[in-house]
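All remarks here apply to the structure that follows.
Reminder, nothing fancy here: chain letters follow the sequence lines and each chain counts from 1.
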There are 2 protein chains.
Amino acid sequence: MSKSIKKEFNRENLLNQGVNLFMNQGYHGTGLQEILDAVNVPKGSFYNYFGSKEDFGADVIQHYTEPFIMQLTAHLNNSGADALGAIRCYFDELIVELEKNEFKGGCLLGNFMGEMGDTSEVCQKSLQSAVKRYRDLLQLGLIKAQQQGTVRLDKSAEEMADLLVNTWQGALLRMKIEKSSAPIKQCCQDLLGDYFRV
Amino acid sequence: MSKSIKKEFNRENLLNQGVNLFMNQGYHGTGLQEILDAVNVPKGSFYNYFGSKEDFGADVIQHYTEPFIMQLTAHLNNSGADALGAIRCYFDELIVELEKNEFKGGCLLGNFMGEMGDTSEVCQKSLQSAVKRYRDLLQLGLIKAQQQGTVRLDKSAEEMADLLVNTWQGALLRMKIEKSSAPIKQCCQDLLGDYFRV
DNA sequence: TAAATAAATATGACCGGTCGTATTTATTTA
DNA sequence: TAAATAAATACGACCGGTCATATTTATTTA
């Protein structure tokens, strides 16, 4: 394996393990050594891939977000005349995944916002951009649903997208301590199944 | 000052500083030494007051919650025929306080749920009980408001209280990274000013 | 009541480990 | 061989926690 390919391979592995460990143990609760051991990269090599732990955290945030954007985008593209249904379907998939993990971890974005959202400027910037991308995509779906007549028009799609993102994050926190999917299911039912409907 | 009084004094100071530092830097981001220095208590004395950092964390959670319960209780007791107004008034006060702090910290319960809600059993228990007390009190207020005819009857007060707690927590996370009170204001407006109304 | 003893609390030096990072050495690539 | 990259090692600071000892308070005895 060529060096430059291996470099990309190591970088990717580090990011993946960073997502896993940061999500389950938090930023300050996870040492670099633990991540490096998990992907068999020597400690001295870390700074060849990332400038610092903080910079690494910011990159992990983006790396974590990507698949969610993809997944939601795919649902919206295949939704046909039911954008609201696509959004519900997307969240249902998330719920299945969270149940599979026994409600551990939750959402890296939410956890990081609470732990470092106002202390690390680098990560704050990264969180802002990740959440914005996510919110904007939900907004797009809600606009589509409004045009299709399944979502109310007297509230802006932006406002609803924000409310959905925020309530979902709060529900994930409750899920973690209650070890139950009830909060996140109720979030979807209350908003997507009731409040947002025409 | 007698020994037993000083002990209570030190304990209280430790809890207060614990609230401050944990809220702003997180649990793992805050060392015991930092807390001990802030209240001039020697390292070795800490374990006369608390069994471990984790036990201390659980106590800090309860200590943090108390004033909020008091404050909301007071509003509800003085509300007369407008329990919904009392709840709104209570949250308005919280918003003023958060603006005063320039959106730093947010809520210790939310931050801890994200950071340790599924890793520390001791703190998880403490978080469960703190959130339940808070939720139950909001539920009580909403029931009162339902009886007064200002809040819809076709949704249970419990469900609405949970939704309010969760959305508020999510909005606080957004507040922290956006450095703006818009999310928490929108939370109150959307739920208390719209969705919950008859 | 005074002295002697026991119990409780306070203390700071110190433990083994781990932290994130810098520097130095080795290896690869051009 | 020169430049670039990876890896090993070293570093001081700090982590949560322990422990023997010192000091204060409570209890017993005379």
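- With values rounded to the nearest 0.5 angstrom, A/Asp59 atom CG is found 5.5 Å from A/Arg11 atom CZ.
- Look at CZ on B/Phe50: it is 18 Å from C1' on D/dT18, rounded to the nearest Å.
- One interatomic measurement links the two molecules: CZ of A/Phe9 to P of D/dA6, which rounds to 14 Å at whole-angstrom precision.
- A/Asn13 places its CG atom 14 Å from the P atom of D/dA6, with the value rounded to the nearest Å.
- Among the protein residues, A/Phe56 comes within range of no part of the nucleic acid, since none of its heavy atoms lies under 4.0 Å from any strand.
- Note: A/Phe22 and A/Phe56 have tilted aromatic rings, judged against thresholds of 30 and 60 degrees for the angle between ring planes.
- If you measure from atom CZ of A/Arg11 to atom P of D/dT5, you get 14 Å, rounded to the nearest angstrom.
- The pair A/Arg88-A/Asp92 fails the salt-bridge criterion, with no side-chain N (NZ, NE, NH1 or NH2) lying under 4.0 Å from an Asp/Glu carboxylate O.
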Tabulate atom names and distances for all N/O pairs under 3.5 angstrom spanning the protein and nucleotides 18-22 of chain C.
from: C/dG20; atom 1: OP1; to: A/Lys53; atom 2: NZ; distance (Å): 2.6
from: C/dG20; atom 1: OP2; to: A/Leu32; atom 2: N; distance (Å): 2.8
from: C/dG20; atom 1: N7; to: A/Lys43; atom 2: NZ; distance (Å): 3.0
from: C/dG20; atom 1: O6; to: A/Lys43; atom 2: NZ; distance (Å): 3.4
from: C/dT21; atom 1: OP2; to: A/Tyr47; atom 2: OH; distance (Å): 2.5
from: C/dT21; atom 1: OP2; to: A/Lys53; atom 2: N; distance (Å): 3.0
from: C/dT21; atom 1: O5'; to: A/Tyr47; atom 2: OH; distance (Å): 3.2

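- Between A/Ser45 and D/dA7 there is a side-chain N or O to OP1 or OP2 distance below 4.0 Å.
- Relative to the ring axis of A/Phe103, A/Arg174 does not place its NZ or CZ within 45° and under 6.0 Å from the centre.
- Atom NZ of residue B/Lys125 and atom CD1 of residue B/Ile61 lie 12.5 Å apart, to the nearest 0.5 angstrom.
- Under a 4.0 Å N-O distance rule, the pair A/Lys176/A/Glu102 does not qualify as a salt bridge.
- B/Asp55 places its CG atom 14 Å from the P atom of D/dG16, with the value rounded to the nearest Å.
- A/Leu36 places its CG atom 15 Å from the C1' atom of D/dT9, with the value rounded to the nearest Å.
- Of the possible donor and acceptor atoms, none in the side chain of B/Ser120 sits under 3.5 Å from a partner among the backbone N and O of B/Met116.
- Here the CG-CD1 distance, from B/Leu72 to B/Ile87, works out to 7.0 Å after rounding to the nearest 0.5 Å.
- A cation-pi contact links A/Lys53 to A/Tyr27, judged by a cut-off of 6.0 Å to the six-membered ring centre and 45° from its axis.
- Helical stems involving DNA chain D, defined as 3 or more consecutive Watson-Crick or G-U pairs under 3.5 Å, span C:1-30 with D:1-30.
- Taking atom CG of B/Asn48 as the reference point, atom P of D/dT21 lies 17 Å away to the nearest angstrom.
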